[in-house]
Number of protein chains: 2
Amino acid sequence: MSDRARFLRSALSDSADTAVADVPLRLRTDPSALSVWLRLLECHNLILGQLRKEAAKDGTSLARFDLLANLMRRDGMTLSELSRRMLVTAGNVTGIVARSERDGLVRRTVDPLDRRLARVHLTKRGRKLIDGMTKKHARDVGALFSRVAEDDRAVLGRVLGELRDHLRNEARS
Amino acid sequence: MSDRARFLRSALSDSADTAVADVPLRLRTDPSALSVWLRLLECHNLILGQLRKEAAKDGTSLARFDLLANLMRRDGMTLSELSRRMLVTAGNVTGIVARSERDGLVRRTVDPLDRRLARVHLTKRGRKLIDGMTKKHARDVGALFSRVAEDDRAVLGRVLGELRDHLRNEARS
DNA sequence: TGCGAGTTCTTTAGGTGTAAAGCAATCGCG
DNA sequence: CGCGATTGCTTTACACCTAAAGAACTCGCA
């Protein structure tokens, strides 16, 4: 899953909803975490696959979209700022920016005050592309989640937000 | 992030929990989907990063682990069966199996009854590796989810399961 | 029998990701 | 000033992933 598709589907049969049945009570916590993780993983991969296809229709990719969307919010960020925001390594950002520059979506300039810094700016072409994609992207995501009831979506957002915060904290320490 | 880190963090500021504040009511449904998706994405990437590091300690990777875990459940699957289970393309499976075979974890045999089929079997070394990793993996996942309350984890599992089923259905059609 | 169609796997080209090493510029502190 | 440490970026080597084209094989049906 790439992003990719899957992980440990095999360690726990998880079709429909039979995952945590007839398990002694003292063992319930752990397997349920595995099952939740599996489902999260599969949702992630299915959604990502759809969004990838949509991005491909616009002749672009998710990584480029992420770059452009970040620049739309704040133009002229340095590579390391982008690396932090996009949660990928600096080397990876170098490549994404290079390909985007090759395709005329961004341009790089060296900061004259600190010549280590490479700032990235949207070109007209890049701005036009991201402007056109943003609304559609929001619509697409909305469509993918449309079958989830409003209440469930709210609680999903809350719990995932908490989980994310915990994971971020533990990653730091 | 694949597996990667992010997506559209920039289209909607999403720190802590301020995402859906002061938005006109008629617009609430869509942005909330985006925000939920963002959080799901970030959880996915943070967890995947941790698990990747754990797998690296055993000298392996998530893709290989997925392959081995599937084979542990049913040895001798064909590449296309594995491709379906792992939710990746057939070409990708070819590569993962090739590298795992190179490292002595699996071996491939041609089915004599239908010589198009390549069946993949665990070697002793592969079986030993996956046996040793499975428990630790479950523990690691449990630790990552340990801060989520039992009730929240249950509802998270339920909603993600429903979402996954909807996504699978719509992907088919 | 034989041939077209479908299935299974591999190959190719290219993007995305990591870790680790290397290079260049700046900073900090004596 | 000067030099070691740090920071920012690139490069390298490799794994992973997709889409699309191609090769090998089987099957169905005339």
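Labels below follow one simple rule: chain letters A, B, ... track the order of the sequence lines, proteins then strands, and each chain is numbered from 1. Just so it is clear, the model here is predicted, and its values are computed rather than measured.
Whole-Å rounding puts the A:Leu82 CG to D:dG8 P distance at 13 Å. At whole-Å resolution of the value, NZ in B:Lys53 and C1' in D:dA15 are 17 Å apart. Rounded to whole angstrom, the span from the CG atom of B:Leu67 across to the C1' atom of D:dA15 amounts to 14 Å. The CZ-P distance, from B:Arg52 to C:dA20, rounds to 13 Å in whole Å. Here the C1' atom of nucleotide C:dT18 and the CE atom of A:Met86 are 15 Å apart, to the nearest Å. Remark: P of D:dG8 and CE of A:Met77 are 15 Å apart, rounded to the nearest angstrom. Here C:dA19 presents its C1' atom at 16 Å from CG of B:Leu48, a figure rounded to the nearest Å. A:Arg102 places its CZ atom 9 Å from the P atom of C:dG14, with the value rounded to the nearest Å.
Residue pairs meeting the salt bridge (charged side-chain N to carboxylate O under 4.0 Å, His left out) criterion with at least one member in residues 109-122 of chain A, sequence neighbours excluded, are A:Asp111-A:Arg119, A:Asp114-A:Arg116.
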Name every donor-acceptor pair, under 3.5 Å, that has one atom in a side chain of residues 95-107 of chain B and the other anywhere in the protein, sequence neighbours excluded.
residue	atom	partner	partner atom	Å
B:Ser100	OG	B:Ile96	O	2.9
B:Glu101	OE2	B:Arg108	N	3.1
B:Asp103	OD2	B:Arg64	NH2	3.1

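Remark: B:Glu54 pairs with B:Lys57, B:Lys136 by the side-chain hydrogen bond (donor to acceptor under 3.5 Å, both in side chains) rule, at least two apart or across chains. Scored by the side-chain contact (heavy atoms from CB on, under 4.5 Å) test, A:Ser146 finds no partners at all (sequence neighbours excluded). In this structure B:Thr123 satisfies the side-chain hydrogen bond (donor to acceptor under 3.5 Å, both in side chains) test with no other residue, sequence neighbours excluded.
OP1 and OP2 of C:dT11 both lie 4.0 Å or more from every side-chain N or O belonging to B:Thr94. A close approach under 4.0 Å does occur between a side-chain nitrogen or oxygen of B:Ser80 and OP1 or OP2 of C:dC9. Taking only side-chain nitrogens and oxygens, A:Asn92 comes nearer than 4.0 Å to OP1 or OP2 of C:dT18. Phosphate proximity of D:dT7 to A:Arg84: absent, as no side-chain N or O sits under 4.0 Å from OP1 or OP2. Contact between the side-chain N/O atoms of A:Arg64 and the OP1/OP2 oxygens of C:dT16 is found at a separation under 4.0 Å.
Look at B:Glu150 and B:Arg153 and you find a salt bridge, because one of the NZ, NE, NH1 or NH2 atoms lies within 4.0 Å of a carboxylate O, short of that distance. Of the charged side-chain nitrogens involved, at least one lies within less than 4.0 Å of a carboxylate oxygen, so that B:Arg168 and B:Asp165 count as a salt-bridged pair.
For DNA chain D, the neighbouring residues in residues 105-125 of chain A, judged by any heavy atom under 4.0 Å, are A:Arg108, A:Arg116, A:Leu117, A:Ala118.
DNA chain C is contacted by both B:Leu79 and A:Asp103; B:Leu79 maps to the nucleotide lying nearer its 5′ end (nearest heavy atom per residue).
As judged by a 4.0 angstrom heavy-atom cut-off over every strand, B:Thr78 is placed among residues touching the sugar-phosphate backbone only.
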